[in-house]
Amino acid sequence: MSSRYNHKIIEKKWQDVWSDKDIFQTSKDLNKKKYYVLEMFPYPSGKIHMGHVRNYTLGDVVARYKRMKGYNVLHPMGWDAFGLPAENAAITEKKHPEKWTYQNIKTMKNQLLQMGLSLDWNREIATCHPEYYKHEQKFFIDMFKAGLAYKKEAEVNWDPVDKTVLANEQVIDGKGWRSGAVVEKKILSQWFLKISKYSDELLSDLDKLENWPNKVKTMQSNWIGKSIGAEINFKISENKSHITVFTTRPDTIFGATFLAISTDHDLAVRVSDQNDNLKKFINDCKNLNHEKIKMGFDIGLTADHPFIEGKKLPIYVANFVLKEYGLGAIFGCPAHDQRDLDFANQYNLDVIPVVMPSNTKGDFKIVKEAFTEEGVIFNSEFLNGLDIEEAKEKIINEIEQKKIGRRKVNFKLRDWGISRQRFWGCPIPIIYREDGEVLAVEEDQLPVKLPNIENFNETSSKLNNIFEWKETVCPKTGMKAFRETDTFDTFFESSWYYFRYCNSRLEKPFEKEDIKYWLPVDQYIGGIEHAILHLLYSRFFTKALRDLEYFELDEPFKGLFTQGMVTHITYRNKSGEWVEPKDVEKFKEGFRDKSGLIVETGKVEKMSKSKKNVVDPNDIIELYGADTARWFMLSDSPPERDLQWSDTGIAASFKFISKLYEFIDKFNNYKSNNTDDDHIIENLKSIINEVSENIEAFQFNKSVAKIYEYVNILNDALSKKKLSKNSFEWSLKKLSIILQPFVPHISEEIWSNFSEKLCINEVWLSEKVKKKLNLKIAIQINGKTKDVIEIDEKLSKEMILDIVRNNNKIKKNLLGKNVIKEIYVPGKIVNLVV
RNA sequence: GGGAGUAUGGCGGAACUGGUAGACGCGCCGGAUUCAAAAUCCGGUCACUUCGGUGGUGUGGGUUCGAUUCCCUCUACUCCUACCA
C-alpha cells in the first residue's frame with residue numbers, strides 16, 4: 001500500500017495516543033533520578049508566535065531525550081496570566097479581563113497541543129486564578145511580618161499613557177518600555193520588597209551557577225553593582241554640621257578640590273530655602289533635559305579638608321551627582337575622575353594630581369584627560385610612594401582611627417517596588433484601619449479576590465473607585481478599614497510559579513519534600529530579555545522563602561539556556577511601506593508585491609508586527625505540520641543564536657519529513673541478499689552516538705546534520721542494495737529513536753511498523769562501536785596535506801614512514817628536496833619537513 | 001564612556017583536547033524524466049590555474065613540524081549598560 005505523507009492524519013493520531021494513555025503525566029517515583037525541564041511560561045496574548053515555537057521545541061527535545069534516558073521528567077506548562085494587555089483589551093471590548101484571558105489561554109493551549117509537546121497538562125496553572133495567587137498573598141504577608149516587605153513614599157516613574165508606575169527596568173532612555181511615552185516623576189506611597197538585603201548573596205551565589213551563560217551572570221553582577229570604598233565626613237567650615245560622601249577612591253583624598261551634592265540633598269534643600277537663585281537652579285536641573293552637560297551651583301559654604309590643615313573646599317550643588325546612589329554627595333578629585341575634571345575645567349577649580357604612572361619621568365600634568373589607571377601616589381604626605389591598593393588600605397585605617405568615616409560597601413541594586421495601580425493583578429493583602437494602623441489581611445480571609453465588574457471601563461476598573469470592594473472592617477476590632485487598592489507587579493507571580501508545578505492542585509503552595517525532590521530546575525530555557533528582571537527576582541524569592549522556612553534551597557535554576565530570536569527578512573515597497581512576506585513574490589531579478597510593484601529587501605530583523613515580517617505558526621502547522629515546524633526550528637542555527645526564517649528552509653524540512661515517511665514503503669518492498677553490511681552499520685552507530693553527544697551539548701543543529709547524514713548513508717546503501725533486510729529494519733528502528741526528541745510524530749509512525757509499543761517509551765542507549773582496524777591518515781609536507789592513505793594502525797612508525805616514502809605522489813613532491821624531519825602522530829598524520 | 005560577544009564559500013553554519021578547512025542544509029549550475037512546467041532523481045559547486053599546482057577562515061604579526069583553533073595588534077559589526085563617584 002502506498003500513500004503520501006499526510007501530516008494532519010499522522011500528527012493527530014499520535015497526539016491522541018499520547019493523551020489517551022496519559023504518557024506525559026509525571027509520576028513521583030523517588031527511586032528514579034529526576035529531571036526538571038522548564039520553558040519560561042507565556043503571557044496569554046492571543047496566539048502563539050514563532051518565538052514560542054522555538055522555545056518550546058528546544059525544551060521538548062530535552063524533555064523527551066531525558067525521558068528516554070531513564071529520568072523521571074517534569075515538564076509542565078502554564079500561563080503568566082495577569083498583565084496590562086488584558087486590561088486594555090477589556091476596556092476596548094467591554095469584557096472582563098478574565099474572560100479575555102481565559103479565551104486566549106484556550107486558543108493558545110490548542111496550538112501548543114498541536115505542536116506535540118511532551119507536557120504534563122495536569123499541572124497547568126494560570127496565575128490569575130485565586131487558587132494560585134492566594135499563595136503569593138500569603139508569601140507577601142510573611143514577608144511583611146518579617147520586615148522584607150515595607151511601604152515608603154517614593155518618587156516613581158509615571159507613565160502618562162499607560163497611567164501606571166513603571167519599574168526602573170521598564171524605563172528605557174527615559175521612556176516607557178511599552179508605551180514609549182516620556183516618563184514623568186510622581187510621588188506615591190509604594191510597597192517594596194527588600195531585595196537589597198540579599199545583594200551580597202545574590203552576587204556571590206552567581207559563582208555557583210555553573211550551567212548559566214556567563215553573559216547573564218555578568219549582566220546580573222553589573223546590575224547588583226557592588227563597589228567597595230569608604231564614607232568620609234567633611235566638616236562644614238562655617239558651622240558645626242558636616243557632609244558625608246561615599247567614594248571608591250579614598251586614596252585620592254589629597255587631590256580633592258571641591259565637594260558636590262545632589263539637587264535634593266538635605267543641605268541643598270536647606271540652603272535653597274533662603275536662596276532663590278539656588279532654588280531656581282535646582283528646578284532647572286529637574287525640568288530641563290541637559291543630557292551630559294554638567295552644571296553646578298556654588299552654595300557659598302566650604303568644607304574643611306580632613307587631612308590638610310587650613311584647606312577649604314568649595315561646595316557645589318551639581319546635576320551630575322545622583323541622589324539614589326551612595327549618599328548623594330561626593331568629593332571631587334578632578335585629576336583622577338573624568339566627570340570631576342570636566343566639572344573642574346568648567347568652573348575653574350584646581351586640578352591636583354596625586355597618582356602618576358610608575359614610569360613617569362619629569363613633569364606629570366593633567367589637562368583634558370583624567371588619569372584613572374594604576375600608578376604611584378605622590379603629593380599626598382603619608383601616602384606618597386604607595387600603589388593605589390596600599391594607599392586605599394592605609395587611608396581607610398586612618399579615617400577610621402580619626403573617627404571621620406568608615407569602610408563601606410555600596411550596591412547599585414535597589415529595593416523592588418511592587419505596587420501597581422492596575423486592576424488586572426493580584427490584590428495586595430493589606431488593610432488600612434481608620435485609626436491609621438496598617439495590617440496584613442488575616443490568613444483565613446485569603447484569598448483577597450478581585451471584584452466582578454459588569455461594565456469594564458477606564459473608571460469602573462479602578463479598584464480605588466469600587467467602594468463596595470474597598471471598604472471593609474478590621475476583624476479584630478470591628479473598626480472601619482480600607483483595602484489596599486494597588487496590585488502586585490506581575491513579576492511577583494513569575495517569581496515562584498516553578499515551585500507550584502511540583503503539585504499545582506495542592507491546598508498548600510507546595511510540599512517541602514516535593515521541592516526537595518524536584519528543585520532546582522535542571523534546565524530552564526527562555527529569552528535573554530529576562531536576564532536581569534525575572535531571573536533576579538526569582539533568585540531573590542527563593543532565598544526569601546528559604547529564610548521564611550518554606551524549604552531549604554538557595555538557587556532555583558541550576559541550568560539556564562537563553563535562546564536566540566526568530567528573525568525574518570523585511571520587505572518594503574517604493575513608498576517605504578512594509579510588505580508582508582506572504583504578499584511578496586520572487587521574479588527573475590527581484591521581488592514584487594501582489595500588484596506587481598517592485599519590493600526591496602531590507603535588513604533581517606526580529607519578527608514584529610510593526611515591520612510586518614511575522615510568520616504565523618498557525619499557518620505553518622496547518623500547511624506543513626508540527627514535525628516540519630519543529631525540524632526547521634532545530635536545523636542550521638545553533639539554539640543560542642538568531643534563527644532566520646525562510647520559505648525555502650521550511651520547504652526543505654517538509655521535504656525531509658516526507659522522505660522519512662517514504663522509508664515505510666521502501667522497507668515493505670525491499671529485498672536484498674546482501675549480508676556483508678557491517679561497515680555501514682558501524683558507521684550508523686557512530687552517528688547515533690554523535691547525535692546523543694550533540695543533544696547533551698545543546699547543539700541540536702549538529703544533531704540535525706548528523707541525522708541527515710544517517711539518512712543519506714541509509715538511502716545510498718539501499719539504492720545499491722548493500723543492506724540486508726534485517727539491517728534495514730535495525731536502521732529504521734534506531735532512526736525512529738533518534739528522531740523521537742526532534743520530530744516525535746513521524747518517529748512514532750515509523751516505529752509503529754515494528755512494534756506494538758510506543759517509541760517514546762523506548763530507552764536511548766549509546767552504541768558500542770568496534771574499533772576500526774584501518775585508519776585514514778593524512779600525509780603532509782610542511783604542514784600542507786598532499787595525500788591521504790589508509791593504513792593498519794598496528795604498523796610501527798618505521799613501517800608507516802616507509803609506505804609514505806614510497807608513495808608516488810609524495811615521491812613527486814619530494815623531488816629535489818631534502819627531508820629534515822619526519823613527524824608521525826599515531827592515527828592522524830605524517831608530516832615531512834623539507 | 002564602561003562591559004560582554006561575534007567575524008569561516010552566494011547564504012545559515014561544521015571542523016573533538018592545535019593535525020585532511022568548508023560536514024549538513026539552502027541557493028546556484030549541468031543532466032535525466034516531461035509535449036512543457038512543477039515535483040522528483042543523478043552529478044557538480046571556496047577562488048585562481050599553464051590542470052603540474054597555488055592561494056584561502058575580518059587585518060597585521062607571533063608561537064609551532066603544523067593554527068579557523070593558542071598569544072599580541074588593528075578593523076568592523078551586534079548586544080547590554082550608562083554621569084553608580
Side-chain angles (χ1 to χ4, degrees), chain A residues 172-173 213-219 221-223 225-227 229 245-250 252 260 262 290-294 318-333 336-340 342-343 372 410-414 528-529 531-532 564 569 604 631-632 635-638 640-644 646-653 655-656 658-659 662 690 693-694 697 699 701-712 715 719 776-789 812-813 820-834:
Chain A
I172 297 150
D173 287 337
N214 284 330
K215 187 173 35 165
V216 175
K217 288 195 272 190
T218 311
M219 283 165 77
S221 164
N222 291 340
W223 189 260
K226 181 178 185 171
S227 52
V245 306
F246 174 72
T247 180
T248 55
R249 292 297 303 275
T252 63
S262 73
H290 298 288
E291 295 285 318
K292 304 264 152 124
I293 300 162
K294 290 189 170 51
N319 69 336
F320 71 97
V321 179
L322 299 177
K323 54 186 170 291
E324 314 91 353
Y325 184 76
L327 298 157
I330 60 158
F331 76 74
C333 175
H336 306 290
D337 184 293
Q338 193 58 48
R339 294 159 301 181
D340 297 349
D342 295 344
F343 188 80
T372 54
N410 237 320
F411 293 93
K412 280 203 279 181
L413 182 67
R414 271 162 261 149
I528 187 77
E529 66 272 21
I532 298 171
I569 199 163
V604 173
W631 189 252
F632 177 71
S635 308
D636 291 357
S637 289
E640 70 276 12
R641 287 205 217 166
D642 288 353
L643 169 82
Q644 195 185 334
S646 74
D647 291 339
T648 48
I650 191 75
S653 295
K655 212 164 89 182
F656 178 71
S658 308
K659 220 162 134 184
E662 286 165 17
E690 286 175 280
E693 283 161 24
N694 292 327
Q699 298 178 312
N701 57 317
K702 282 154 78 173
S703 297
V704 165
K706 285 294 159 190
I707 292 174
Y708 271 117
E709 221 174 287
Y710 187 105
V711 167
N712 289 346
N715 265 325
S719 65
K776 275 185 183 172
I777 65 163
I779 309 174
Q780 303 179 331
I781 292 174
N782 284 350
K784 295 276 174 195
T785 303
K786 299 295 173 190
D787 199 11
V788 179
I789 55 168
K812 251 190 202 169
N813 268 290
I820 308 166
K821 204 171 169 188
E822 291 164 329
I823 294 157
Y824 171 59
V825 183
K828 287 189 175 160
I829 56 130
V830 171
N831 191 13
L832 305 177
V833 187
V834 298

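Numbers restart at 1 for each chain; the letters A, B, ... are given by sequence-line order, proteins then strands. This structure is a prediction, so every number in the text was calculated from the model and none was measured. Just the heavy atoms: all of them, side chains too, but no hydrogens, waters or symmetry mates, feed the values below.
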Considering residues at least two apart in sequence or located in another chain, which fulfil the side chain to side chain donor-acceptor pair (under 3.5 Å) criterion with [X]?
X: A:E662; value: none
X: A:E690; value: A:K706
X: A:Y325; value: A:S227

Would you mind classifying the nucleic acid contact of [X] as base, sugar-phosphate or nothing, using non-hydrogen atoms under 4.0 angstrom?
X: A:S653; value: nothing
X: A:Y708; value: sugar-phosphate
X: A:V825; value: base
X: A:D342; value: nothing
X: A:V245; value: nothing

Between [atom2] of [N] and [atom1] of [X], the distance in whole Å:
X: A:D337; N: B:G2; atom1: CG; atom2: P; value: 13 Å
X: A:L322; N: B:U81; atom1: CG; atom2: P; value: 17 Å
X: A:K294; N: B:A85; atom1: NZ; atom2: P; value: 14 Å
X: A:M219; N: B:G3; atom1: CE; atom2: C1'; value: 11 Å
X: A:L413; N: B:U81; atom1: CG; atom2: P; value: 15 Å

- What distance, rounded to whole Å, do you find between the two P atoms, one in B:G60 and one in B:U8? 16 Å
- Rounded P spacing from B:G62 to B:G10 in Å: 28 Å
- Task: Give the nucleotide from the list B:U20, B:A82, B:C83 with an atom nearest to the side chain of A:W223.
- Result: B:A82
- Task: Tell me, with the steps shown, if A:Q699 and A:N701 meet side-chain contact (heavy atoms from CB on, under 4.5 Å).
- Result: CA-CA 5 Å; A:Q699 298 178 312; A:N701 57 317; 4.0 Å; yes
- Can you find a side chain N or O atom of A:N712 that sits less than 4.0 Å from OP1 or OP2 on B:G25? yes
- Query: Within less than 4.0 Å of OP1 or OP2 of B:A85, is there a side-chain N or O belonging to A:T252?
  - Reply: no
For [X], all residues meeting side-chain contact (heavy atoms from CB on, under 4.5 Å), sequence neighbours excluded:
X: A:N214; result: A:K217
X: A:E640; result: A:F561, A:P638
X: A:A652; result: none
X: A:K215; result: A:M219, A:I528

- Item | Polar side-chain contact A:K215-B:C79 base: donor and acceptor under 3.5 Å | no
- If a protein heavy atom is under 4.0 Å from the base, mark B; if only from the sugar-phosphate, S; if neither, -; do that for nucleotides 37-45 of chain B going 5' to 3'. ---S-----
- Item | Contact pattern, 5' to 3', of nucleotides 7-18 of chain B - B, S or - by protein heavy atom under 4.0 Å | -----BSSS---
- Measure centre to centre between the rings of A:W631 and A:Y708, then say whether the value is under 6.0 Å. yes
- State the syn/anti category of B:G10 according to its glycosidic angle, syn meaning within 90° of 0. anti
- For A:I777 and for A:K821, locate the closest nucleotide of RNA chain B by heavy-atom distance; then report the residue assigned to the nucleotide nearer the 5' terminus. A:I777
